[in-house]
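Just below is one structure, and these are the notes that go with it.
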Amino acid sequence: MSSEGLHVPRERLSGNTYALHQAITSLMEELEAADWYAQRADDCEDAALRAVLLHNMREEIEHAAMLIEWLRRNSSEFALQLKTYLFSETDIVPAGHE
Ligand SMILES: [Fe+2]
């Protein structure tokens, strides 16, 4: 596997940090793909192709969600922040944090 995106030598990273890097890099790729499909769908004049692009966009979002869940299960830091913010009904930025 490529070590692209690493900022220190691979051998200096713990197994957990490297796995987190793989998940985070994959999440970035899935989000980028979802963004690309959404933009292409907006720009597409063929209705059938547009439907395919939007289907693909939804699949990339599903992949992103699976990676976020993996991060939640494997990083207490992600778990803490996701528990605080996901599906909350209050202001996203709490008073005093602006
Ligand atoms: Fe994907």
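As the structure lists them, so they are numbered: ligands from 1, and atoms in each ligand from 1. Keep in mind the model is a prediction, meaning the values are calculated, not measured.
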Near the Fe ion (ligand 1), is there an N/O/S atom from Glu30 that is less than 2.8 Å away?
yes

Is it true that some N/O/S atom of Glu60, main chain or side chain, lies under 2.8 Å from the Fe ion (ligand 1)?
yes

Going through the checks in order, is the side-chain contact (heavy atoms from CB on, under 4.5 Å) test met by Glu32 and Met28?
CA-CA 6 Å; Glu32 184 175 57; Met28 292 164 59; over 6 Å; no

Under 4.5 Å between any side-chain heavy atoms of Leu13 and His21, yes or no?
no

Kindly list each side-chain donor-acceptor pair under 3.5 angstrom involving residues 68-77, sequence neighbours excluded, with atom names and distances?
residue	atom	partner	partner atom	Å
Glu69	OE1	Arg72	NE	2.8
Glu69	OE2	Arg72	NE	3.2
Glu69	OE2	Arg72	NH2	2.6
Glu69	OE2	Arg73	NE	2.7
Glu69	OE2	Arg73	NH2	3.4
Asn74	ND2	Trp70	O	2.8
Ser75	OG	Glu77	N	3.3
Ser75	OG	Phe78	N	3.1

List the atom pairs, donor and acceptor, that lie under 3.5 Å between side-chain atoms in residues 41-61 and the rest of the protein, sequence neighbours left out.
residue	atom	partner	partner atom	Å
Asp46	OD1	Ala48	N	3.0
Asp46	OD1	Leu49	N	2.8
Arg50	NE	Ala41	O	3.0
His55	NE2	Glu59	OE2	3.2
Glu60	OE1	His63	ND1	3.3

Which atom name does His63 have for its N/O/S atom nearest to the Fe ion (ligand 1)?
ND1

